[in-house]
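A quick write-up on the structure given underneath.
Just the heavy atoms: all of them, side chains too, but no hydrogens, waters or symmetry mates, feed the values below. Counting begins at 1 with the first residue of the sequence.
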Amino acid sequence: MAYDKFTILRSTAVPMPIENVDTDQIIPARFLKATERKGFGDNLFRDWRYNNDDTPKADFILNNPTYSGKILVGGKNFGSGSSREHAAWAIYDYGFRCVVSSFFADIFKNNCLNVGILPVTVSPEFAEKIFAALEADPQAELEVNLPEQTITLLTTGESEGFTINGYKKHNLINGYDDIDYLLSMKTEIESFAETRPF
């Protein structure tokens, strides 16, 4: 399944300075029955977003119209817990294209990269600057530059670099999943196959 190409994302952001957000909080286990990657955004942070009678919880950040954007800024150790891919699916389906944190669980990070979400690891100090900027001005924008591997707080111009696997970077820039990547090399693969004696 191809995803939106990711090159440079400039957007407002949603701050969630909560540490140790695990995948069961991101998408509760009772919503894992579907196998298609659509519809999970409705239940992103379900138990934090809604009361038992399905009314929105006014104090939860995703229910606060002051904050919006395609970037979610999480606390340290974001995406811990079980390895469910559905957590990344829910974040993508909700509309986020980038998640920023000072630390990600490895499996969650890789699941994000596989579905078109860019996880950006920043220093704790830079994360605090982002949270402070968003608290002061909810319309403050971030620029995430994947080709240059930088994230910039546009209100101050402060910037920090981030690392990413080269293969995953290539796929995000081109909007590829693993199958799309292979299909993009179809001509080269067929040419190579013709040189084989079997």
Side-chain angles (χ1 to χ4, degrees), residues 3-23 25-26 41 44-45 48-49 59-81 87-88 90-176:
Y3 299 99
D4 296 339
K5 294 180 180 180
F6 195 121
T7 51
I8 298 174
L9 174 63
R10 182 173 181 169
S11 175
T12 51
V14 177
M16 189 181 295
I18 304 170
E19 293 189 359
N20 304 312
V21 174
D22 66 38
T23 53
Q25 292 159 335
I26 296 171
L44 176 67
F45 296 110
W48 288 356
R49 281 170 69 190
D59 61 346
F60 186 60
I61 193 68
L62 293 189
N63 297 327
N64 183 345
T66 303
Y67 293 98
S68 63
K70 295 186 175 183
I71 301 172
L72 176 64
V73 185
K76 183 179 179 180
N77 195 26
F78 193 92
S80 58
I91 289 171
Y92 184 94
D93 193 59
Y94 186 84
F96 291 117
R97 292 297 174 268
C98 177
V99 182
V100 179
S101 174
S102 60
F103 182 82
F104 290 101
D106 285 341
I107 294 175
F108 173 80
K109 184 175 183 178
N110 286 325
N111 285 340
C112 283
L113 290 167
N114 288 338
V115 300
I117 300 167
L118 176 60
V120 173
T121 304
V122 297
S123 67
E125 294 76 19
F126 196 73
E128 287 304 317
K129 289 179 181 179
I130 294 173
F131 287 130
L134 292 173
E135 183 177 3
D137 178 11
Q139 297 306 307
E141 289 188 318
L142 296 171
E143 181 180 275
V144 181
N145 187 318
L146 178 55
E148 297 296 325
Q149 294 178 211
T150 58
I151 178 170
T152 303
L153 184 56
L154 294 177
T155 52
T156 64
E158 293 175 278
S159 184
E160 201 170 81
F162 62 88
T163 60
I164 183 173
N165 174 277
Y167 168 69
K168 296 298 185 183
K169 177 179 178 179
H170 173 83
N171 281 359
L172 280 169
I173 289 174
N174 289 281
Y176 292 161

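Taking CG of Leu62 as the start and CH2 of Trp48 as the end, the distance is 10.0 Å to the nearest 0.5 Å. How far OG1 of Thr66 is from CG of Asp137: 11.0 Å, rounded to the nearest 0.5 Å. We find the NZ-OG1 distance between Lys169 and Thr163 to be 11.0 Å, quoted to the nearest 0.5 Å. One finds the CG atom of Leu113 at 9.5 Å from the CG atom of Asn171 (value rounded to the nearest 0.5 Å). Rounding to the nearest 0.5 angstrom, the gap separating the CG atom in Asn77 from the CD1 atom in Ile18 is 13.0 Å. Taken to the nearest 0.5 Å, the CD1 atom of Ile130 stands 8.5 Å off from the CD1 atom of Ile71.
Using a 4.5 Å heavy-atom cutoff, the side chains of Leu118 and Leu9 are not in contact. Proximity of Thr12 to Pro138: side-chain heavy atoms (C-beta onward) are nowhere separated by under 4.5 Å. Counting only heavy atoms from C-beta outward, the side chains of Val100 and Phe126 never approach each other to under 4.5 Å. Here the side chains of Lys129 and Val122 are not in contact, with every heavy-atom distance at 4.5 Å or above. Using a 4.5 Å cut-off on side-chain heavy atoms (C-beta onward), Tyr176 and Lys5 make no contact. Side-chain contact between Leu44 and Phe96 is present, with at least one heavy-atom pair separated by less than 4.5 Å. Put simply, the side chain of Thr152 does not reach to within 4.5 Å of the side chain of Asn145, judged on heavy atoms. A 4.5 Å side-chain heavy-atom check between Leu146 and Phe162 finds at least one atom pair inside the cut-off.
Considering all non-hydrogen atoms of both residues, Thr155 and Ala133 come closest at OG1-CB, 4.2 Å. In terms of heavy atoms, Leu134 sits closest to Pro15 at CD1-CB, 3.8 Å. The two residues Ser123 and Ser102 make their nearest non-hydrogen contact at C-CB, 4.2 Å. Across every non-hydrogen atom of Phe131 and Gly75, the tightest pair is CZ-N, 4.3 Å. Here the closest heavy-atom approach between residue Ser101 and residue Phe78 is recorded as OG-CB, 3.9 Å. Nearest heavy-atom pair across Arg97 and Phe6 is O-CE1, 3.3 Å.
At least one donor-acceptor pair under 3.5 Å links the side chain of Asn63 to the backbone N or O of Arg49. No donor-acceptor distance shorter than 3.5 angstrom exists from the side chain of Glu128 to the backbone of Glu125, with no hydrogens or angles considered. Using a distance-only test at 3.5 Å, with no hydrogens or angles considered, no donor-acceptor pair links the side chain of Lys70 to the main chain of Cys98. A donor-acceptor pair under 3.5 Å links the side-chain atoms of Asp93 to the main chain of Gly41, judged by distance alone.
Residues Glu158 and Thr156 bring a donor and an acceptor atom of their side chains to less than 3.5 Å of each other.
Partner of Leu172 under the side-chain contact (heavy atoms from CB on, under 4.5 Å) criterion, out of Ile164, Asn165, Thr7: Ile164 alone. Results of the side-chain contact (heavy atoms from CB on, under 4.5 Å) test with Glu143 over Ile151, Leu154, Thr150 single out Leu154 as the only residue that passes.
Under a cut-off of 6.0 angstrom, the local environment of CD in Glu135 is sparse, with at most 12 non-hydrogen atoms contributed by other residues, nucleotides or ligands.
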One pair to check against side chain to side chain contact (heavy atoms under 4.5 Å, CB included): Glu19 and Phe103. What are the steps and the verdict? CA-CA 10 Å; Glu19 293 189 359; Phe103 182 82; over 6 Å; no
Side chain to side chain contact (heavy atoms under 4.5 Å, CB included) evaluation trace for Val21 with Phe108
CA-CA 11 Å; Val21 174; Phe108 173 80; over 6 Å; no
Derivation and outcome, side chain to side chain contact (heavy atoms under 4.5 Å, CB included), residues Leu142 and Val73 = CA-CA 10 Å; Leu142 296 171; Val73 185; 4.2 Å; yes
